[in-house]
Amino acid sequence: MQKKPKPFIHLFETPLGFYFYDVNTNDIVEVNKEMYEYLRNDYIAGEEINQEDLKNLKARGYLKTKRVEKTEHPATELLPFYAKTKMGQLILQVTQNCNLRCEYCVYSGNYETRGHTNKKMGFQTAKKAIDFLAEHSKNRNEVIIGFYGGEPLLEFSLMKQCVEYAEERLKGKKIEYSITTNATLLTDDVIKYFITNDFLVTVSLDGPREIQDECRKFLNDKGSFDTVMKNLKRIKERDREYFDRNVRVNTVLVVERGYECVDHFFKGNEIFSNLAISSAAVSDNFSKNKRSVSEKFHIEQQYELFKTFLAELGYLPSEDASLLMRPYLEQIYDMRGNSERSYREEVPSTWHRGGPCISGAMRLFVTAEGKLFPCERVCEISEYAQIGTLEEGLDLKKMSDILNIEKLTEKECRNCWAYSECNSCIRFCNGNRQEMKNALLSKCSEIRRSIEGILKDFTILQELGYDFEAEGR
């Protein structure tokens, strides 16, 4: 006897009530405890619930059993057009070397990717990359050129050559320049150049001295905290408006340690008060040694999140909110709080789960050797992830495969309640098809936990009267 298809929903509860996320409509629905238990137990003990309530839910379009039937990303047909004429961001790996030796760095030798090398990008390669951007961005008025490493300021003279060439080659387009740097090589000349050319500067800083100096060290084993803080102050003293507008901080959270000391460091220093601060745990992607989140870290992180919610709701002073939690509030808004976010009647018959972007069009990462990848987060030694070279151009077949990466896991994906909110993509993958499938599936539990957390936090904040749009998010 064939089993009756189950509603495509995910049940969850909070201290305030009982809910289900309806995948087909992309909506969150509150129900009473009896209905919650009824749905959780697959319609057993139906006589204990009000059948009219069930009919009303279905009449409102909820509890459909529809799943996606065919895997194909909606942008597949547009991929050639986007790749050839709508390229928006070029990221140049100007060097594979670095003046620091951070033990958790993806290039430290502790990961199954390349390590630090002396390879650097020559100006001819950089010119070809900028030419490539010019030729593939004819339908864009604005483009971004980013400088990446290693530590890109090791090749500051090359960066200046690139900017000069880009201004001529891309004349008529608005160009935004960006750099990700450890900030140890900032000089007055570099700072002046960044301000003059309106660079967006992302500075890597992991927290107070004891953490920064343990994690981010020079080759002589000396910590980098004092140098980074001194250079941040130099930028701010030179041009406060530029500093607040264009400088941001990226923090790598070492999950074996605590969270509170990092959070309090950023909250307690006036220099960071107006900066965008993003944070992420040390990556386990391709790591040879998996890391475990300490209980201390988890407890302290959740407590700071709790205080941030109370501050956002007006129960605590705004200064009690965590600066590190700002991006998480933005994430909740992006996923659930945006009124422009589309609600649907049901999932399409032909579709693709969330995650992949239009590789090579949203951004294109060019290595020092001229190899092309979808972004700087992918594994550089992955043959599957490489989508071409500057000499040979883009491989549209590979780009289409990456865009439609769900085909590796479509059986599992189609029945997953997190289907449309998933963020899994090629950045997790290396090896052959089976190894890539295993890598993608190994992330599923973590991704579902994260999405469920956002659903719960959004629901609680909404129930308590928080208005994301009124708060300007």
Is the count of non-hydrogen atoms from other residues, nucleotides or ligands lying under 6.0 Å from [X] atom [atom1] greater than 12?
X    : atom1 : result
Y315 : OH    : no
E319 : CD    : yes
F123 : CZ    : yes
K236 : NZ    : yes
N141 : CG    : no
R433 : CZ    : no

Between [X] and [Y], do the side chains contain an N or O donor and an N or O acceptor separated by less than 3.5 Å?
X    : Y    : result
E304 : Y259 : no
D457 : Y328 : yes
N220 : R101 : no
Q93  : E380 : yes
Y384 : E435 : no
T76  : N404 : yes

To the nearest 0.5 Å, what is the distance between [atom1] on [X] and [atom2] on [Y]?
X    : Y    : atom1 : atom2 : result
Q212 : T227 : CD    : OG1   : 9.5 Å
E168 : I130 : CD    : CD1   : 12.0 Å
F265 : D206 : CZ    : CG    : 10.0 Å
F243 : R248 : CZ    : CZ    : 12.0 Å
E300 : E260 : CD    : CD    : 5.0 Å
I235 : K230 : CD1   : NZ    : 12.0 Å

Are any side-chain N or O atoms of [X] and backbone N or O atoms of [Y], one a donor and one an acceptor, separated by less than 3.5 Å?
X    : Y    : result
T251 : L205 : yes
Y82  : S359 : no
N182 : T184 : yes
N197 : F199 : no
E369 : K371 : no
K267 : D320 : yes
N231 : A183 : yes
R216 : I211 : no
S273 : E270 : yes
N246 : D198 : yes

* Asked: Step by step, would you call K86 with S137 a side chain to side chain contact (heavy atoms under 4.5 Å, CB included)?
  -> CA-CA 5 Å; K86 295 277 284 184; S137 63; over 6 Å; no
* Structure fact -> Residue set satisfying side chain to side chain donor-acceptor pair (under 3.5 Å) with S279, at least two apart, ordered chain then number -> none
* Structure fact -> In terms of heavy-atom contacts, G207 and V262 come closest through CA-CG1, 4.3 Å
* Can you name the nearest heavy-atom pair linking V254 to C215, along with the distance? ->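 Closest pair (atom of V254, atom of C215, distance): CG2-SG, 3.5 Å.
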* Asked: Per the side-chain contact (heavy atoms from CB on, under 4.5 Å) rule, which among R377, Q89, M87 passes with R363?
  -> Q89
* Starting from the C-alpha separation in whole Å, work towards a yes-or-no answer on side chain to side chain contact (heavy atoms under 4.5 Å, CB included) for F147 and Y177. => CA-CA 8 Å; F147 297 96; Y177 299 103; 4.3 Å; yes
* How far apart are the C-alpha atoms of F132 and L372, what are their side-chain angles, what is the distance that settles it, and do they pass the side chain to side chain contact (heavy atoms under 4.5 Å, CB included) test? -> CA-CA 11 Å; F132 197 88; L372 308 180; 4.0 Å; yes
* **K138/E135 ion pair, N-O < 4.0 Å** => no
* **T181 side chain near T202 side chain, heavy-atom distance below 4.5 Å** =>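 No, their side chains stay 4.5 Å or more apart.
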* On the ring face of F12, is K456 found with NZ or CZ under 6.0 Å from the centre and within 45° of the axis? -> no
